[in-house]
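Note sheet for the following structure.
Letters go in sequence order (proteins before strands), and every chain restarts at 1. Everything numeric in this text was worked out from a predicted model, so none of it was measured.
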2 protein chains.
Amino acid sequence: MERILMAHGSGGRLSHELITSLFQKYLGNSFLNQMNDATILPGQEQLAITTDSFVVSPLFFRGGNIGRLAVCGTVNDLAVSGAAPMFLSLALILEEGLPIAELEQIIQSIAETAKEANIAIVCGDTKVVERGSADKLFINTTGIGYVSRTLVNPQQIQPGDVILVTGTIGDHEIAILSEREGLEFETPVTSDCAPLNGLIDCFFQTGVKCMRDPTRGGVATTLNELAQQGGVCMLLDEEALPILPGVKGACDMLGLDPLYLANEGKALVIVKPEAAETILHKMHSHPLGQGAAQIGVVMEGKPGLVLLKTPLGGKRILGMLEGEHLPRIC
Amino acid sequence: MERILMAHGSGGRLSHELITSLFQKYLGNSFLNQMNDATILPGQEQLAITTDSFVVSPLFFRGGNIGRLAVCGTVNDLAVSGAAPMFLSLALILEEGLPIAELEQIIQSIAETAKEANIAIVCGDTKVVERGSADKLFINTTGIGYVSRTLVNPQQIQPGDVILVTGTIGDHEIAILSEREGLEFETPVTSDCAPLNGLIDCFFQTGVKCMRDPTRGGVATTLNELAQQGGVCMLLDEEALPILPGVKGACDMLGLDPLYLANEGKALVIVKPEAAETILHKMHSHPLGQGAAQIGVVMEGKPGLVLLKTPLGGKRILGMLEGEHLPRIC
């Protein structure tokens, strides 16, 4: 490969190849090699840090905008790492000619979402590039959290553990897709874009072993990462997947697999079997966890393998996302 | 103003207006309102945090590239805030089609510069946008440092204090300009792009009251910020400004004022008069401080006013950068 392809940003197989062949090769160290949503830093207080750039197109969509997304995405990476989100940086790259009214609406939304997530915006930066050198507005947020609870990570996952998801899957990507392509579905789909730290505070307890938010690459790619990092095999139950009718309809029509669609307000949570019911019950008690469901189990088997049990009882291998579903969903 | 102009990213007057009219209006809090190069965070260990996006064009220039710049820019914002740079995040926005060999060269440079600056890259993110939606490569770095020494800030500046600069001014912007416009000067100018934490470790002592790196907007704009924040008046001596012959020549030819040109490896240091000589001596002992000079003094007078004493003995007011010298220098 000689040039960057769109699929290098998909969160799927090519993204992982770029990370190992280039970034880990030159930059690898004990921090980066943690390869989790947030990196845990040493110190008197343990800190978690994560960074994300947002290039979603269009800037505004049903259920949110690039500003809300930029806060939620980073807050969620901290929250699923078991950290309490505390501080957020905010860096904007603006294209010359961007209407200031649009920017103002996005900044307002950032302020509201930061309040909702109880995170303080502590520093910022603004760059402007000539018309045509960027597409309207890109945002980077970097988040710092305090690690206040037991560490969660893929190494703790064991056969017998149960895989939960905090709600319906695929909503965000279908919302972006319909906005971008001007598709009208009978039941319009709204992005699930939301800060998850409140929900996680609500259900977190002993028995939670690992959490991760299935954004780019979707549930299938994220579970592949976890299965590889934890050296375990996983079996999902297709019939147990919570999917909104609007998302199901769009997927059927467009030939998309909801397991590979991005989510921006959902977490995959791997728990001890004996704790599963209580945790699921707690999830259901929170507004953002009402669609929570048990979707699979961790099994003995080939490390890194993720299987899907179909309604007819067959099993198929779920790999990482190949190529790219849809660019610029976050 | 209804739309974003290039000058909103200049670091000059319009940048400041955007910050107060939009960002402080919606996002203002006790952290953001510190308005320094890095924000000091509370906690058992005091942390400093800063964020910067880099959109420099071209990606490679004499003396560095966007990768080296992205490490130095953030390291320097921490260092001039009196913090020891510790952790760096690295987020890339790539344009589809970017040659991977160029990316590799930049990543190598990031690794080398991080080593030189003794900072660990701890987390990262990669996004790819379609050809034409970004210009090759944008980088965001966010840096975390430990505040290990006496706090420095503009509020400590008093009449009688002395203004030092750690070396020649304007080198970076002239290097970018000549690269971009294909200008050939008799003495080619090299960017001063360098991490300053080693130099600051070398000269820092009691009597250092405030430090800031004069990047976008140059020495004149940065001193205007400090004079405003410190509520003091400053007088610069034009004859004392250290300027390389190549930079002087380019400025004369192109009608540019070196006081408004960006630097990427220089610090302005305001010190107690009795400590000035010792500090200047220590600066001269370090490879990055050999051109250090005393360039002015803090005076009684109108708060926020910066004056320049010309060789003929006249005085003129130095305001903030108006409009924009040159876009995308960092």
Side-chain angles (χ1 to χ4, degrees), chain A residues 1-6 8-9 15 18-19 22-23 26-27 29 31-32 38-39 41 43-45 49-53 55 87 89-91 93-101 103-104 107-108 110-111 120-130 132-135 138 140 142 144 327-328, chain B residues 1-6 8-9 15 18-19 22-23 26-27 29 31-32 38-39 41 43-45 49-53 55 87 89-91 93-101 103-104 107-108 110-111 120-130 132-135 138 140 142 144 327-328:
Chain A
M1 208 92 50
E2 289 191 353
R3 289 180 179 271
I4 289 295
L5 307 177
M6 289 306 293
H8 281 117
S15 298
L18 189 68
I19 289 170
L22 205 56
F23 303 137
Y26 291 108
L27 305 175
N29 59 38
F31 302 111
L32 277 185
T39 303
L41 302 178
Q44 286 170 38
E45 291 161 307
I49 182 170
T50 184
T51 190
D52 245 316
S53 294
V55 298
F87 307 115
S89 71
L90 175 68
I93 297 176
L94 310 176
E95 185 189 12
E96 180 188 18
L98 178 75
I100 290 185
L103 180 59
E104 182 158 11
I107 297 294
Q108 268 184 289
I110 288 172
I121 293 172
V122 294
C123 60
D125 178 55
T126 308
K127 294 292 187 306
V128 182
V129 298
E130 314 86 329
S133 290
D135 189 9
F138 300 146
N140 176 280
T142 301
I144 309 280
R328 299 180 59 188
Chain B
M1 207 93 50
E2 288 191 352
R3 288 181 179 272
I4 289 295
L5 309 177
M6 289 305 293
H8 281 117
S15 297
L18 189 67
I19 289 170
L22 204 56
F23 304 136
Y26 291 108
L27 305 175
N29 59 39
F31 301 112
L32 278 184
T39 303
L41 302 177
Q44 286 170 38
E45 291 162 305
I49 182 170
T50 184
T51 190
D52 246 315
S53 294
V55 298
F87 307 115
S89 70
L90 175 67
I93 297 176
L94 310 176
E95 184 189 14
E96 180 188 17
L98 178 74
I100 290 185
L103 180 60
E104 183 159 9
I107 297 295
Q108 268 184 289
I110 288 173
I121 294 170
V122 294
C123 61
D125 178 56
T126 308
K127 293 292 187 306
V128 181
V129 298
E130 316 85 328
S133 290
D135 188 8
F138 301 146
N140 176 279
T142 302
I144 309 281
R328 298 179 58 189

(message) Evaluate A:Asp135 against B:Val129 for side chain to side chain contact (heavy atoms under 4.5 Å, CB included), listing each step before the verdict.
(response) CA-CA 9 Å; A:Asp135 189 9; B:Val129 298; over 6 Å; no
Just how far is it from atom [atom1] of [X] to atom [atom2] of [Y], taken to the nearest 0.5 Å?
| X | Y | atom1 | atom2 | answer |
| --- | --- | --- | --- | --- |
| B:Ile121 | A:Leu27 | CD1 | CG | 4.5 Å |
| A:Ile144 | B:Ser89 | CD1 | OG | 8.0 Å |
| B:Thr51 | A:Asp125 | OG1 | CG | 6.0 Å |

Between [X] and chain B, which part of the residue has a heavy atom less than 4.5 Å away: side chain, backbone, both or neither?
| X | result |
| --- | --- |
| A:Glu2 | backbone |
| A:Thr50 | backbone |
| A:Asn29 | side chain |
| A:Ile49 | both |

(message) Is B:Leu5 in contact with chain A via its backbone, its side chain, both, or neither, using a 4.5 Å heavy-atom distance?
(response) backbone
(request) Would you mind checking which part of B:Ile19 comes under 4.5 Å of any heavy atom in chain A, side chain (CB onward), backbone (N, CA, C, O), both or neither? (result)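 Contact with chain A involves no heavy atom of B:Ile19 at all.
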Should [X] and [Y] count as side-chain neighbours, where that means a heavy-atom distance under 4.5 Å?
| X | Y | result |
| --- | --- | --- |
| A:Arg328 | B:Glu130 | yes |
| A:Thr126 | B:Leu18 | yes |
| B:Leu22 | A:Glu104 | yes |
| A:Asn140 | B:Thr142 | yes |
| A:Phe23 | B:Leu90 | no |
| B:Val55 | A:Lys127 | yes |

(message) Shorter than 4.5 Å, heavy atoms on both sides: which option in A:Ser53, A:Ala120, A:Gly124, A:Ala91 has the most such pairs with chain B?
(response) A:Ser53
(request) Could you check which of A:Gly97, A:Ala38, A:Ser15 has the highest count of heavy-atom pairs closer than 4.5 Å to chain B? (result)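 Max contact count across the listed options: A:Gly97.
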Looking at [options], which one has more heavy-atom pairs under 4.5 Å with chain A than the rest?
| options | result |
| --- | --- |
| B:Gly9, B:Pro99, B:Ser133 | B:Ser133 |
| B:Ala101, B:Gly132, B:Cys123 | B:Cys123 |
| B:Ile93, B:Leu94, B:Ile110 | B:Ile93 |

(message) Whether the side chain of A:Thr39 engages the backbone of B:Val122 through a donor-acceptor N/O pair (distance < 3.5 Å, no angle test) should be reported.
(response)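 Checking the backbone N and O of B:Val122 against the side chain of A:Thr39, a donor-acceptor pair under 3.5 Å is found.
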(request) May I ask you to decide if the ring planes of B:Phe138 and A:Phe138 are parallel, tilted or perpendicular, using 30° and 60° as cut-offs? (result)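 Tilted.
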